[in-house]
Amino acid sequence: MLRIGIDVGGTFTDVTALDTADGRFHIHKLPSTTDDQSVAVAEGVRAILQRTGAAPGDVGYLGHGTTVATNTVLESDGARTALVTTAGLRDVLEIGRQQRLYDLDADEAPALVDRSLVHTVTERMTAQGTVRTPLSGQDADAVVERIRAADPEAVAVCFLHSYRNDRHEREIADRLRAALPDVYVCASADIAPVFREFERFSTAAVNAYVGPRINRYMSRLADRIEATGVPVPPKVIGSSGGMMSLESVARYPVTTLLSGPSAGVVAASHVAGQAGFGNLITFDMGGTSTDVCLVRDGQAVASTQRRINGRPVRTPSLDIHTVGAGGGSIAHVDSGGALEVGPASAGSQPGPAAYGRGGDRPTVTDANVLRGRLNPRHILGGALAVDYEAAARAVDGVAKAMATGREVAARGIGRIAAVNMAGAVRKVSVEAGEDPRAYVLVAFGGAGPLHAVEVAREVGMRTVVVPPNPGTLCALGLLVTDIRAEFPRAVLEEADEHDPGKLDEALREAHESARGWLAAEAPPGAETRITGEARMRYARQNFELSVPLPRQAIDTARFGPGAVAEMVAAFHEQHTKSYGFAHADARVQIVEIQLTAAALVDKPELPSIAAGSDPREALVDRRQVDFDETGPLDTPVYERAGLRAGTRLPGPAIVEQLDTTTVITPDATALVDAYGNLVIEVEQR
């Protein structure tokens, strides 16, 4: 049986397949089809079937990571969206949080819903979930007609305190669906049943904004995969690192905003754990951006809220930080004469000038070609010829603007890109109170291994791990990711004076939702698991910390004697760890609880490789490679497939393979471990 994972990036679509019969992995890369990602996905399936000689019916699993939702928000080209809300709350999305602490002239991202498309109805729930003002049937009928006349593609329904009682919200949503069957309708209580109106409204609006496009994409994807003859429907990875069915994605498209990057984090954790590393920072550099995430004791740090293009999204996700620095990042000289790199990218079409597809703007990839770090003749194992002269012409434009030579300009582009990415690593480590020197940097993506050693040196990290197939690691992540979803419920109870009935009711609702989801989503015979956490804070704090729910509470769907006291003690301990102190006598609030339902999948390990110690067996070339401090050096070039376990590669060295190139600087040494990972020790100055 074949298990296939396909991850779509800004430049390339990566395919990893596992033949469960012999444990062999097969990889393939092809250009992304940005107009319709499903085209490249289907082509990737056909290519891997041809390469392995397998029949479509041999495919038993197909996982997919997509950037459709992310690109829709970033490019601001989503659906024309309307919003229905409680009378008096028409301007919640416009007002936002009004945070202007440092820049009074800062521009907020415009609301995704134009004010003319925001409609109100008479209704009001209290914060306790009781009806203060019944829903006006006359208002409900009128708002349906106004929305019909406005002809939107999507509608978000967001009422005050619907996280406590969603009856009114659901009634309006049901009326809209019945009257406007071709319009995408979602209710905030389904998408983010948590308090804080602005964040909940924003999340529902984003969900509606991307909903029609995601639904169309999922429909095309299902049709294209069916046309390949593959008998299983694809599953899609969500922002929190769990796989979902196409039906779940269609209902909750906002959960896929970090679909692709989360797969890389899961894969990096899996591969590094097999190599003996539990504390790591993932470093995923692709064609358009770089994603980093901190993993502590094998568990990626998670977040309950992200900002996507300036808009808060209140859904569980891995705490991935992204910067606009990738192989396709465009270099330019600003009006003050300073060299800048990114965030604009050449993408896959036309791509860097070196790709010979008509690109003429200088990119990080072009600089790497000129510096000898990338093969000056071809990449992708010879599948893509490199246009060295085009790369030189592009970088010459920067050199002319800087009044310097081509070599200096190329070196400057690489240096600035490394500094930008080092800033992202500091963001998830130093700024979160973690010492990056206690972690290893796991480098992957098509360009990650090219820059990882320099980034590690910049932040003081001593070890870099480059997995065997780093350019397609995100696709591997789709094969080792559990099927999973999260179910939060608002509580807002004082720990000392909580209402046991209200607390148990929230837990019971979450438990029923988790069990129902597993019944629908878990494969037959799969091992299932439900875990949980509570988000707590001291009274009058603005933000919460997460602590585990007691196992007894999860198993019985009720809080037994001592359960809340156990949570409070865990909260004080977590507060001390996070902030250096705790207020043992202060009032503690339980803001919300969340259950996570998971169906566990078999996680294939990387196969061990043959032992050997002579690097000359893998030596394929020598060329001049430019390094920052030393300038050009005669550097051996090795073929990754020829390296054996136990081989040491002192720097400088270049390691080439189909999906990426690894640069080992003169002050670093690489060791090939038993699984084919390059473990690079970096000398710190």
Nearest atoms (heavy-atom pairs only) where [X] meets [Y]:
{"X": "Cys474", "Y": "Asp7", "answer": "CB-OD2, 3.4 Å"}
{"X": "Ala424", "Y": "Val292", "answer": "O-CG2, 3.4 Å"}
{"X": "Ile609", "Y": "Gly676", "answer": "CD1-CA, 3.6 Å"}
{"X": "Thr282", "Y": "Phe444", "answer": "CB-CE2, 3.8 Å"}
{"X": "Gly63", "Y": "Leu478", "answer": "O-CD1, 3.6 Å"}
{"X": "Gly264", "Y": "Leu473", "answer": "O-CD2, 4.3 Å"}

Would you call [X] and [Y] a salt bridge, taking side-chain N to carboxylate O under 4.0 Å as the test?
{"X": "Asp659", "Y": "Lys29", "answer": "no"}
{"X": "Arg296", "Y": "Glu434", "answer": "yes"}
{"X": "Glu592", "Y": "Arg200", "answer": "no"}

Euclidean distance, [Y] [atom2] relative to [X] [atom1], rounded to 0.5 Å:
{"X": "Leu549", "Y": "Leu507", "atom1": "CG", "atom2": "CG", "answer": "6.5 Å"}
{"X": "Cys158", "Y": "Tyr163", "atom1": "SG", "atom2": "OH", "answer": "14.0 Å"}
{"X": "Glu527", "Y": "Asp482", "atom1": "CD", "atom2": "CG", "answer": "9.0 Å"}
{"X": "Leu476", "Y": "Leu18", "atom1": "CG", "atom2": "CG", "answer": "9.0 Å"}
{"X": "Asp284", "Y": "Cys293", "atom1": "CG", "atom2": "SG", "answer": "11.0 Å"}
{"X": "Leu294", "Y": "Tyr439", "atom1": "CG", "atom2": "OH", "answer": "4.5 Å"}

What pairs of donor and acceptor atoms, side-chain ones from residues 202-214 against any protein atom, are under 3.5 angstrom apart with sequence neighbours left out?
unit_1 : atom_1 : unit_2 : atom_2 : d
Ser202 : OG     : Pro312 : O      : 2.7
Thr203 : OG1    : Glu199 : O      : 2.7
Thr203 : OG1    : Arg314 : N      : 2.6
Asn207 : OD1    : Val254 : N      : 3.1
Asn207 : ND2    : Tyr184 : OH     : 3.1
Tyr209 : OH     : Ser76  : O      : 3.2
Tyr209 : OH     : Asp77  : N      : 3.2
Tyr209 : OH     : Gly78  : N      : 2.9
Arg213 : NH1    : Thr72  : OG1    : 3.4
Arg213 : NH1    : Asp77  : OD1    : 3.1
Arg213 : NH1    : Asp77  : OD2    : 3.2
Arg213 : NH2    : Asp77  : O      : 3.1

Which residues pass the side-chain contact (heavy atoms from CB on, under 4.5 Å) test with [X], not counting sequence neighbours?
{"X": "Asp36", "answer": "Ser38, Val39, Tyr217, Arg220, Arg224"}
{"X": "Ser219", "answer": "Asp223"}
{"X": "Glu605", "answer": "Gln274"}
{"X": "Thr481", "answer": "Ile237, Met243, Val266"}

Query raised in the report: With Phe559, which residues qualify under ring pair (Phe, Tyr, Trp, His ring centres under 6.0 Å), at least two apart?
Result: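 If we apply the ring pair (Phe, Tyr, Trp, His ring centres under 6.0 Å) test to Phe559, skipping adjacent residues, there are no hits.
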Query raised in the report: If we ignore angles and hydrogens, is there a donor and acceptor under 3.5 Å between the side chains of Ser188 and Glu169?
Result: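 On atom types as modelled, these side chains qualify, holding a pair under 3.5 Å.
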Query raised in the report: Will you find, in the side chains of Thr67 and Asn71, an N or O donor that is under 3.5 Å from an N or O acceptor?
Result: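 Yes, side-chain donor-acceptor contact under 3.5 Å.
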Could you tell me whether a side-chain N or O of [X] sits under 3.5 Å from a main-chain N or O of [Y], the two making a donor and an acceptor?
{"X": "Thr472", "Y": "Asp14", "answer": "no"}
{"X": "Arg51", "Y": "Ile27", "answer": "yes"}
{"X": "Thr33", "Y": "Ala40", "answer": "yes"}
{"X": "Lys603", "Y": "Val601", "answer": "yes"}
{"X": "Ser262", "Y": "Gly238", "answer": "yes"}
{"X": "Asn279", "Y": "Asp297", "answer": "yes"}

Query raised in the report: More than 12 heavy atoms of other residues, nucleotides or ligands under 6.0 Å from CZ of Arg551: is that the case?
Result: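 More than 12 within 6.0 Å, yes.
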Report task. Take atom CG of Asp555 as the centre, draw a 6.0 Å sphere, and report whether it contains more than 12 heavy atoms from other residues, nucleotides or ligands. Result ->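 Result for CG/Asp555: enclosed.
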Under 3.5 Å, which donor-acceptor pairs do the side chains of residues 317-328 form with other protein atoms, sequence neighbours left out?
unit_1 : atom_1 : unit_2 : atom_2 : d
Thr322 : OG1    : Asp291 : OD1    : 2.6

Heavy-atom distance under 4.5 Å between the side chains of [X] and [Y], does that happen here?
{"X": "Val236", "Y": "Leu246", "result": "yes"}
{"X": "His26", "Y": "Thr16", "result": "no"}
{"X": "Arg535", "Y": "Gln594", "result": "yes"}
{"X": "Met1", "Y": "Tyr61", "result": "no"}
{"X": "Val464", "Y": "Val679", "result": "no"}
{"X": "Leu545", "Y": "Ser578", "result": "yes"}
{"X": "Val425", "Y": "Ser429", "result": "yes"}
{"X": "Gln37", "Y": "Leu221", "result": "no"}

Query raised in the report: Taking it one step at a time, do Thr13 and Ser32 satisfy side-chain hydrogen bond (donor to acceptor under 3.5 Å, both in side chains)?
Result: CA-CA 5 Å; Thr13 292; Ser32 294; 3.1 Å; yes
Run the side chain to side chain donor-acceptor pair (under 3.5 Å) test against [X] and tell me which residues pass, sequence neighbours left out.
{"X": "Ser240", "result": "Glu486"}
{"X": "Thr556", "result": "Gln552"}
{"X": "Ser513", "result": "Arg489"}
{"X": "His511", "result": "none"}

Query - Identified side-chain contact (heavy atoms from CB on, under 4.5 Å) counterpart of His28 within the set Ile6, Leu658, Val45, Ile48 - result: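 Output: one option passes, namely Ile48.
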Query raised in the report: Which residues satisfy the salt bridge (charged side-chain N to carboxylate O under 4.0 Å, His left out) test with Asp190, sequence neighbours excluded?
Result: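 With sequence neighbours excluded, Asp190 shows a salt bridge (charged side-chain N to carboxylate O under 4.0 Å, His left out) to Arg170, given in chain and number order.
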